[in-house]
There are 2 protein chains.
Amino acid sequence: MSDFAKPTLDDVARAAGVSTATVSRCLNAPDRVIAPTRERVMKAVEALGYTPDFGGRALASRRTNTVGAIIPTMDNAIFARGLQSFQEALSKFGKTLLVASSGYSPAREREQMEVMAGRGVDGMLLIGSARPDSSVDFLRRRGIPFLGAWNLGDAEGYFVGFDNHAAAAELTQMVLDKGHRRLAMIAGISQMNDRAADRMEGVRATAERAGIARAQLPVIEAAYTFDDGARAFGELMALSPRPTAVMCGNDVLAVGAMQKARELGLGVPEDVSITGFDDIDLASVVAPKLTTIRVPHRRMGEAAAEMLIKLINKQPVERQIEIPTAIVERDTLGPPPVDHSA
Amino acid sequence: MSDFAKPTLDDVARAAGVSTATVSRCLNAPDRVIAPTRERVMKAVEALGYTPDFGGRALASRRTNTVGAIIPTMDNAIFARGLQSFQEALSKFGKTLLVASSGYSPAREREQMEVMAGRGVDGMLLIGSARPDSSVDFLRRRGIPFLGAWNLGDAEGYFVGFDNHAAAAELTQMVLDKGHRRLAMIAGISQMNDRAADRMEGVRATAERAGIARAQLPVIEAAYTFDDGARAFGELMALSPRPTAVMCGNDVLAVGAMQKARELGLGVPEDVSITGFDDIDLASVVAPKLTTIRVPHRRMGEAAAEMLIKLINKQPVERQIEIPTAIVERDTLGPPPVDHSA
DNA sequence: AATATCAATGTAAGCGCTTACATTGATTTA
DNA sequence: TAAATCAATGTAAGCGCTTACATTGATATT
């Protein structure tokens, strides 16, 4: 490692025989400098191997060209995928991405918000809308533009996402149309997770409208892991009467449920139907293939990036951008088994 | 958005009736300030909602507490997972994570390196060791500590990873021990990807040692997608004589191959054995379950974080940390079918 | 030819923070 | 009790950059 001191603007200015202002202009607004001067400066930049110091620049310009993203976890493929396209889109605009994870905890999300605010991010991507007002206030007070992704919010704020409630409702209707009456749900943990809560409510409300009382629709909340999905499915199958269709809050839970079904010797969908949500790779790879809801995570990431950039540049934007979802009918949803108990 | 100016150190100092130096010390070296003063200051910090400005801090201290990671893509679960634990570990040390992706292109990796260097990252995480010398020189000249992960490097540099070659070799030996002689491989694209190249070479060398000439071991390189895996598998199955075991460069390829096998009406492992690499979630969820190599990606992420922190703090570190891998025997590797052509 | 105009560049004041050094007052030492 | 010591805090000089404003000299306008 060399110990040449890192060259500064001053060094370049001296080498090129101009003032620091001119060098700065060459770098930030080249057209405000006449060509011969600019060339001389750029040559000096090259020669010295100069690169601007981020700290100095951030301090002086009050801009960082950095945006932050706080997601629950990258372990969940849907966020990893969305984040990947978010980052790609961002980098086209010359922004870099600061990443942090909250582990689904609002308190940790808040901490990370402060860290990022301290780093002067130009804008921030958050997931969903379930967070204490104080967190939102913090961002507003700081004047940091932000948006929620992966769902559509309520009254205030900017969102790019999809209608978790409606999508879940639509799938529920399909399950009902197949003839199922004894539904059950393995939901994500709904506290401070609006996506999970909306999906749950979409299922319940639709079932209720079809005359199934809430009390008759068992719901177990589970963390998004195979094991928890399997465990919950086991509990559900021990119920009597046994549900004929188990709707899951995401594909991971659904696959966990499928594994448990196999263990229990239950055929899917002959003995019990199972549905997922997200349509991650897994869904089309398990056997039988999972009936689920496709969510275009990549598209969401891109749309989020574009929206956030506009917000940062104070360009006009729509308050909510809805990304369409679609039911993907595969092989885990069928009619209920013939009921011999009747 | 309110236009309260963001509070500065000065504001806090004034509110607490101390100098800026004391406030700074409270934040950076609390034990150098007596308790009552510290409490008074912290109260002021709370009250004003103060958070330090990154630019100012970076400029004055010549440190950013930021580390960069450039990975091929977060779409690959193994990197997403590793990155997640890397970030968690980092955040315990008060560092934040800048993320960029190279899409497996050395040129893009280099670009991102420059961006990150410009941002004054304290250190950098890279994947593997296959990159032009000029990229490495760049980092060295800048005095930015960095390490390669997911494999072990050659002579120089720091690494935390595993021996892709040895792991692949071991699995190959197991395949041979089952009695297979007509092996084939679907490898990742090996150019500028040392993990893929090492795995490939591990298979080839072991087969060769067992008397299988290289020319008799067909290898198809494929991008890490289901479709490409399936396509390659199709080509391999069209060969004559048909391979009895197909070893894949990662689990995604293997699962793609399995799907194609089903399509072709070939039983796994009765008609053809298939192996993977990585042991991602997928592997234990497909039917039949995939025989593969477990790589503890989380552990690698953590170890990488610890090593990088030490490098940044100029503490002594081992040059290479090897993370052990293990063969996970499941259901896709069996003995070869009885050969009626003999 | 005198004046107004304007593009190109320079001057210099910070941006918010850290930290070397200076100051202060209490405690220890002789 | 005076001197020495030391912990706690303050003072103030930058860190490298951007940018409002000032200056200059050339060109356009009358």
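Hydrogens, waters and symmetry mates play no part in the numbers below; they use all other heavy atoms, side chains included. So that the names make sense, note that chain A is the first sequence line, chain B the second, and so on, each numbered from 1. Since the structure is predicted, the reported quantities are computational estimates derived from the model, not experimental observations.
Whole-Å rounding puts the B:Asn28 CG to C:dA20 P distance at 13 Å. We find that CG of A:Leu9 is positioned 14 Å from C1' of C:dA12, with the value rounded to whole Å. When the P atom of D:dC17 is taken as reference, atom CZ of B:Phe54 falls 15 Å away, rounded to whole Å. Rounded to whole Å, atom C1' of D:dT18 lies 11 Å from atom CG of A:Leu27. Taking atom CG of residue A:Asp31 and atom P of nucleotide C:dA8, one finds them 9 Å apart after rounding to whole Å. Atom CG of A:Asp11 is separated from atom P of D:dG16 by 9 Å (rounded to the nearest Å). As a whole-Å value, the separation of B:Arg32 CZ from D:dC6 P is 15 Å.
Of the candidate nucleotides C:dC17, D:dA12, C:dG10, C:dG10 has the atom lying nearest to any side-chain atom of A:Thr22.
Checking A:Asn151 against A:Asn164 by side-chain atom types alone, no donor-acceptor pair falls below 3.5 Å.
For DNA chain C, no neighbouring residue in residues 34-48 of chain B is found when judged by any heavy atom under 4.0 Å. DNA chain C lies under 4.0 Å from at least one heavy atom of each of the following residues of residues 55-65 of chain A: A:Leu59, A:Ala60, A:Arg62.
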For residues 86-100 of chain A, tabulate all N or O donor-acceptor pairs below 3.5 Å that involve a side-chain atom, not counting sequence neighbours.
{"residue": "A:Gln87", "atom": "OE1", "partner": "B:Ser101", "partner atom": "N", "Å": "3.3"}
{"residue": "A:Gln87", "atom": "OE1", "partner": "B:Ser101", "partner atom": "OG", "Å": "2.6"}
{"residue": "A:Glu88", "atom": "OE2", "partner": "A:Gln84", "partner atom": "NE2", "Å": "2.7"}
{"residue": "A:Lys95", "atom": "NZ", "partner": "A:Asn65", "partner atom": "OD1", "Å": "3.2"}
{"residue": "A:Lys95", "atom": "NZ", "partner": "A:Asp122", "partner atom": "OD2", "Å": "3.2"}
{"residue": "A:Thr96", "atom": "OG1", "partner": "B:Arg119", "partner atom": "NE", "Å": "3.0"}
{"residue": "A:Thr96", "atom": "OG1", "partner": "B:Arg119", "partner atom": "NH1", "Å": "2.9"}
{"residue": "A:Thr96", "atom": "OG1", "partner": "B:Arg119", "partner atom": "NH2", "Å": "3.2"}

Please tabulate, for side-chain N and O atoms in residues 16-31 of chain A, each donor-acceptor pair with protein atoms closer than 3.5 Å (sequence neighbours left out).
{"residue": "A:Ser19", "atom": "OG", "partner": "A:Ala21", "partner atom": "N", "Å": "3.4"}
{"residue": "A:Ser19", "atom": "OG", "partner": "A:Thr22", "partner atom": "N", "Å": "3.4"}
{"residue": "A:Ser19", "atom": "OG", "partner": "A:Thr22", "partner atom": "OG1", "Å": "3.4"}
{"residue": "A:Ser24", "atom": "OG", "partner": "A:Asn28", "partner atom": "ND2", "Å": "3.3"}
{"residue": "A:Asn28", "atom": "ND2", "partner": "A:Ser24", "partner atom": "O", "Å": "3.0"}

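Evaluation of the ring pair (Phe, Tyr, Trp, His ring centres under 6.0 Å) rule for B:Phe79 yields B:Trp150 as partners, not counting sequence neighbours. Checked against salt bridge (charged side-chain N to carboxylate O under 4.0 Å, His left out), A:Glu39 has no partners two or more places apart in sequence or in another chain. Among residues two or more places apart in sequence or in another chain, the ring pair (Phe, Tyr, Trp, His ring centres under 6.0 Å) test is passed with A:Tyr224 by none.
The C1' atoms of five pairs define one axis at each end of the helix from C:dA1-D:dT30 to C:dA30-D:dT1, and these two axes lie 40° apart (to 10°).
Within the 4.0 angstrom heavy-atom criterion, only backbone atoms of the sugar-phosphate kind lie near B:Tyr50; the bases stay farther away.
A 4.5 Å side-chain heavy-atom check between A:Ile127 and A:Ile70 finds every atom pair outside the cut-off. Contact check for B:Arg131 versus B:Glu109: side-chain heavy atoms found under the 4.5 Å cut-off.
Between A:Val23 and B:Arg25, the residue anchored nearer the 5' end of DNA chain D, judged by the nucleotide with its closest heavy atom, is B:Arg25.
Side-chain nitrogen and oxygen atoms of A:Ser24 include none within less than 4.0 Å of the OP1 or OP2 phosphate oxygen of D:dC17. Between B:Thr8 and C:dG16, a side-chain N or O to OP1/OP2 separation shorter than 4.0 Å is absent.
For residues 42-59 of chain A, the pairs satisfying side chain to side chain donor-acceptor pair (under 3.5 Å) are A:Thr51-B:Arg142, with sequence neighbours left out. Listed by first and then second residue, the ring pair (Phe, Tyr, Trp, His ring centres under 6.0 Å) pairs that reach into residues 99-135 of chain B come to none, sequence neighbours excluded. Among residues at least two apart or in separate chains, there is no ring pair (Phe, Tyr, Trp, His ring centres under 6.0 Å) pair with a member in residues 111-136 of chain B. For residues 302-316 of chain A, there are no side chain to side chain donor-acceptor pair (under 3.5 Å) pairs, not counting sequence neighbours.
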